[in-house]
Amino acid sequence: MRDLNADPGGLSRDILDWYDRQARDMPWRTGPADRAAGVRPDPYRVWLSEVMLQQTTVAAVTDYFQRFTARWPRVEDLAAAEDADVMAEWAGLGYYARARNLLKCARVVAQELDGTFPDSYEALLKLPGIGPYTAAAIASIAFDRPETVLDGNVERVMARLHDIHEPLPGSKPLLKDRAAELTPEVRPGCYAQAVMDLGATICTPKSPACGICPWREPCAARIAGTAPELPKKTPKKAKPTRHGIVYLARSSAGDWLLERRPDKGLLGGMLGWPGPEWGESPQPAPPFDADWQDLGAEVRHTFTHFHLILRVMVAELPEGFAPAEQQEIITRHAFRPSDLPTAMRKAFDLWRGGQTGGD
DNA sequence: CACACGTGGAC
DNA sequence: TGTCCAAGTGT
């Protein structure tokens, strides 16, 4: 029986033993054989995976990670990529500021740091898109530094292990202290991934599998019977509903009129359909005068902080139409719906669903 | 500190 | 259908 307060080293050994038995396969991880041979994971791949995993599930990330690393195998390759290509490859993954910062960071590393990622928490933290979590993750996983990661999993595991009832986010500093006490000097990267794996597979938000948890004996919340209700969180605001109108203009040849959205703000840097800003009651703002047809059905989409209802209008793009500054005419051949953020892709899907056949 | 910032899966 | 949630960061 481990004593939580007297034997922190015992706890880290218990979870590392558990981790070594799991062998959860992910394309950015090194296998047990590589680890035994002292092979470190590629910092570029660790960085890329950690940025993709911010607020995003392993299942959603895996295919994106494979496509990115196949297309841009090294940080220099990514740094040399066109912005539009990277944004298109990121489309559908969400939180698009991550993709913009990813490129900024790649260019700093490639052009100012000789293609080498910094190996310390403090230096990593200075780079775009790398915050406290990601800096600690890269430093520990790629560079074997005993930094403490604090993500949603670690917060939940620590809150339960110590039966902490103070709500998030106020309890964050306390949870970080508790997590730091357990971080070992040996294999800190494996330890970090082990605690996150524990949170993802056993110490889950609902119905935690305490019976098979490597930390079931020292866990204060399991003993108190409070594990499923931890961590407490301050209540969140209700989501308002916004409305919008999008204008799908297609030429007789099948080319589409799209707009590159400004870098800042919602869906920043992504392609989208022309239309007014979304709000209470958006005013019609067609990109040109035409006999715009209302598709009738509406697009419904929920963002982090509001619901969206979109009307979809369609017209033929006039021959010789001159696109405005931020607009692009994308040829039928070059247009891929998967390059669009999901709300915009849903508008296209609505149009496509109304097409009877042929094309 | 509070808020903006996506998406899709689970229940 | 609605709510919660996932390996957070920037402002």
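If you're wondering where the values come from, they're calculated on a predicted model, not measured in any experiment. In what follows, chains carry the letters A, B, and so on, assigned in the order in which the sequence lines appear, proteins first and then strands, with residues in each chain numbered from 1.
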Ion pair Asp83(A)/Arg260(A), N-O distance below 4.0 Å: no

Would Asp349(A) and Arg352(A) pass as an ion pair if we require N to O under 4.0 Å? yes

Closest approach of Ile202(A) to Cys213(A) (non-hydrogen atoms, all atoms of both residues): CG2-CB, 3.7 Å

Nearest-angstrom distance from the residue atom NZ of Lys236(A) to C1' of dA2(B): 14 Å

Lys232(A) NZ - dC4(C) C1' separation (whole Å): 16 Å

One thing to verify: whether Arg40(A) and Asp119(A) come together as a salt bridge, which I'm taking to mean a side-chain N less than 4.0 angstrom from a carboxylate O. no

Could you check Leu127(A) against Met26(A) and say which one's nearest nucleotide on DNA chain C is further toward the 5' end? Met26(A)

NZ of Lys233(A) versus C1' of dA2(B): gap in Å, rounded? 16 Å

Provide the full list of ring-ring contact (aromatic ring centres under 6.0 Å, His included) pairs with a residue in residues 283-305 of chain A, sequence neighbours left out, each pair given once. Tyr247(A)-Trp292(A), Trp278(A)-Phe303(A), Phe288(A)-Trp292(A), Phe288(A)-Phe321(A), His301(A)-Phe303(A), Phe303(A)-Phe306(A)

Residues 57-88 of chain A vs ring-ring contact (aromatic ring centres under 6.0 Å, His included), sequence neighbours excluded, gives Trp28(A)-Phe65(A), Phe68(A)-Trp72(A), Phe68(A)-Trp90(A)

Specify the separation, in whole Å, of atom CG of Leu150(A) and atom P of dT9(C). 10 Å

Touch class at under 4.0 angstrom, heavy-atom based, for Met344(A) against every strand present: nothing

Take atom CD1 of Ile130(A) and atom P of dT11(C), then tell me their distance rounded to the nearest Å. 15 Å

Over all strands shown, is Val58(A) touching base, sugar-phosphate only, or nothing at heavy-atom distances under 4.0 angstrom? base

Span that lies between the P atom of dT9(C) and that of dG8(B), in whole angstrom: 22 Å

When you check every protein heavy atom under 4.0 Å of nucleotides 4-11 of chain B, what one-letter string (B, S, -) results, 5' to 3'? SBBBS---

Grab the NE2-C1' distance between His307(A) and dG2(C) for me, whole Å please. 8 Å

Take the protein atom NZ of Lys172(A) and the nucleotide atom P of dT9(C), then report the distance between them rounded to whole Å. 8 Å

Main-chain N/O of Gln54(A) paired with Thr56(A) side-chain donor or acceptor, under 3.5 Å: yes

How many Å lie between CG on Leu124(A) and C1' on dT9(C), as a whole number? 15 Å

